[in-house]
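As the structure is a computational prediction, the values presented were derived from the model and not from experiment. Numbering starts at 1 and runs along the sequence shown. Reckoned from all heavy atoms, side chains included, excluding hydrogens, waters and symmetry mates.
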Amino acid sequence: MTSRFGFLLLGWLTALWVGAAEVTDVRVWADAERTRLVLDLDAPVEHKLFTLSAPDRVVVDLEGARLRADNLDDAASGPIRNLRHGVRNGRDLRLVIDLSGPIKPRSFLLKPDQQSGHRLVVDLETPGQARRAPERPTKSVDQIRAPRDLVIAVDPGHGGKDPGARGSHGTNEKQVVLEIARRLARHIDQEPGMRAIMTRDGDRFLSLRQRMDIARDHDADLFVSIHADAFRDRRVQGSSVYVLSRRGASSEMARILAQSENAADLAGGVSLNDKDELLRSVILDLSQSASIEASLEVADNVLQGLKQVGKVHKDHVQQAGFVVLKSPDIPSILVETAFISNPSEERKLKQASHQDKLARAMLAGIRNYFYSNPPPGTYVAMHNPREHVIRRGDTLSEIASRYNVSLRALRATNGLNSDRVYVGQTLRIPGAGEG
């Protein structure tokens, strides 16, 4: 009788679990405003969320779900001290988030897209730091006129459980690109009027869209993703620079329009929530076109800089549908610094001196782009030394036309007796009244 009851109980429990959603992975990232906990699911799930105090906790009950992820111990970040789980009512999964203090939680479900499946997102905001309209204290004229820094988002590819490509001598892509990114960020921070933010500054995993979100959360003016390519033929070598393809832009626009409830402020600061479908698509198309055009120009500047360091795989900027390039409102480039699968380039990638050369080459391209296209209200726009580094194909008359100065003034400012210039030469662009 006991044995028969055991089989019946087992069958009943099995029936309850058939079709139950599973939590397949747990991911956490934090910034100054919030900590985000993402539960990857293999199916949609009903859930409830509430808080408890003394001690502070957030409880998430997932109806009929079960836990398959084995990385709960890695969830401690920001205010999260610990993440525990258990079974409630014999069938529901209960997650308990132990906190270091009071928190304002918010949760929502995301449907699958091209990169991810079902997700339950739990945002934890510290009271007083939750997103809200900023207070507007009285400012002096000098404060109002104070220029802002350019913000460059530096994104070392891969990280954590994703090592990226691996060289023949065991070099992991995630580590060398992190070192290059750190050097680039340091050089950017040393530039007047520029400030770097890194999507990761350690060996941690971030989804591709998390990287985009971090750049957007910091109002980045440019997104630079750094990688090290690999190919089955070890002889292939050289750097490459990518921007988003038109096909990739179209697929991203379709995704955003399909999720219009999450599309606020994705088009150059213009909310799409209160627009009809046609107007949303027009606004997004204009924003994406401007972003791709800017991306192409900054990518070309960076590619010219990389040519001074070593070989390039392609002599022109390439376009592809990489997810990290899909921000419709932030110019974005992806730099393949070298082929880690090439033994010679793998050795160079591990050398601090070569890492610094790559970082400086990227900075030169970024600097040249923003000095030529300074965003209004930035330090660079107000204190622009107005310099131009000569690239292949440049002519003195074309440079004068680009900066809206006379050819005579350009010659006089730089002490030129002819129109002859050479690659790598730096020209100072005259200001109003000069020359």
Side-chain angles (χ1 to χ4, degrees), residues 145-152 184 187-196 220-224 239 241 243 289-310 312 314-318 330-333 335 356-435:
R145 292 178 178 172
R148 70 172 182 86
D149 287 342
L150 288 165
V151 179
I152 315 299
L184 175 58
H187 290 314
I188 289 172
D189 287 338
Q190 291 168 2
E191 283 288 313
M194 292 191 188
R195 177 168 59 88
D221 296 278
L222 176 67
F223 179 89
V224 182
S239 304
V241 185
V243 302
S289 296
S291 181
I292 291 175
E293 184 177 347
S295 300
L296 282 165
E297 188 170 348
V298 70
D300 185 57
N301 277 275
V302 169
L303 185 63
Q304 299 306 319
L306 290 170
K307 287 179 179 179
Q308 309 304 313
V309 176
V312 293
K314 295 285 186 181
D315 197 45
H316 58 275
V317 175
Q318 301 179 75
I330 303 175
S332 304
I333 67 172
V335 180
D356 202 62
K357 287 179 181 178
L358 290 168
R360 288 182 182 276
M362 284 184 271
L363 173 64
I366 294 168
R367 189 174 185 271
N368 199 40
Y369 168 76
F370 279 116
Y371 284 167
S372 301
N373 305 273
T378 60
Y379 178 96
V380 170
M382 298 182 70
H383 301 82
N384 193 346
R386 304 265 289 176
E387 292 178 348
H388 180 88
V389 180
I390 300 297
R391 296 177 295 170
R392 185 176 301 172
D394 280 351
T395 65
L396 205 63
S397 59
E398 184 272 334
I399 294 168
S401 176
R402 178 188 300 185
Y403 292 98
N404 197 27
V405 298
S406 71
L407 190 57
R408 177 182 175 182
L410 189 59
R411 288 197 202 102
T413 299
N414 292 278
L416 301 177
N417 296 319
S418 70
D419 290 352
R420 182 177 297 176
V421 292
Y422 57 87
V423 174
Q425 181 180 4
T426 299
L427 298 182
R428 192 167 74 86
I429 308 302
E434 288 190 77

**OP:** With sequence neighbours excluded, give me every salt bridge (Lys or Arg N to Asp or Glu O under 4.0 Å) pair touching residues 370-379.
**Re:** none

Original post:
If every non-hydrogen atom of G377 is compared with every non-hydrogen atom of A381, which pair is closest and at what distance?
Top reply: N-CB, 4.4 Å

**OP:** Return yes if some donor-acceptor pair links the side-chain N/O of S397 with the main-chain N/O of T395 below 3.5 Å, else return no.
**Re:** no

**OP:** With sequence neighbours left out, write down each residue that passes side chain to side chain contact (heavy atoms under 4.5 Å, CB included) with Q425, or none if nothing qualifies.
**Re:** I390, L416, V421, Y422, L427

**OP:** Check for a donor-acceptor pair, side chain of N368 on one end and backbone N or O of N301 on the other, with a separation under 3.5 Å.
**Re:** no

**OP:** Give, for atom CG of D149 and atom CD of E191, the distance between the pair rounded to the nearest 0.5 Å.
**Re:** 11.5 Å

Subject >> Atom pair NE2/CG of H187 and D189 - distance to nearest 0.5 Å >> reply: 11.0 Å

Subject >> Separation between OH of Y369 and CG of L150, rounded to the nearest 0.5 Å >> reply: 10.0 Å

Subject >> For R360, all residues meeting side-chain hydrogen bond (donor to acceptor under 3.5 Å, both in side chains), sequence neighbours excluded >> reply: D356

Original post:
Closest heavy-atom contact between P331 and S295?
Top reply: CA-OG, 3.3 Å

Original post:
Salt bridge check: are D221 and R148 linked by an N-O gap of less than 4.0 Å?
Top reply: yes

Subject >> Approximate separation, where rounding is to 0.5 Å, of F370 CZ and E297 CD >> reply: 10.5 Å

Subject >> Pairwise distance CE(M362) to OG(S239) - rounded to 0.5 angstrom >> reply: 8.5 Å

**OP:** Go through the structure and list residues passing side-chain hydrogen bond (donor to acceptor under 3.5 Å, both in side chains) with K307, not counting sequence neighbours.
**Re:** D315

Original post:
How many angstroms lie between atom CD1 of I330 and atom CD1 of I333, to the nearest 0.5 angstrom?
Top reply: 13.0 Å

**OP:** Using a 4.5 Å cut-off on heavy atoms from C-beta on, say whether the side chain of P192 contacts that of Y379.
**Re:** yes

Subject >> pair D419-L407: side-chain heavy atoms closer than 4.5 Å >> reply: yes

**OP:** Could you tell me which residues satisfy side chain to side chain contact (heavy atoms under 4.5 Å, CB included) with D300, sequence neighbours excluded, listed by chain and number?
**Re:** Q304, V317, R391

**OP:** Taking side chain to side chain contact (heavy atoms under 4.5 Å, CB included) as the test, write out the residues that go with A361, two or more places apart.
**Re:** L306, V309

Original post:
Does any N or O in the side chain of T378 come within less than 3.5 Å of the main-chain N or O of P375, such that one atom is a donor and the other an acceptor?
Top reply: yes

**OP:** Grab the two heavy atoms, one from L303 and one from H316, that are nearest each other, plus how far apart they are.
**Re:** CD2-C, 3.6 Å

**OP:** Identify the two heavy atoms, one from L410 and one from I399, that lie closest to each other, and give their separation to 0.1 Å.
**Re:** CD2-CG2, 4.1 Å

**OP:** Please report the closest heavy-atom contact between R195 and I188, naming both atoms and the distance.
**Re:** C-CG2, 3.8 Å

Original post:
Looking only at atom types and distance, does a side-chain atom of N414 sit under 3.5 Å from a main-chain N or O of R428, one as donor and one as acceptor?
Top reply: yes

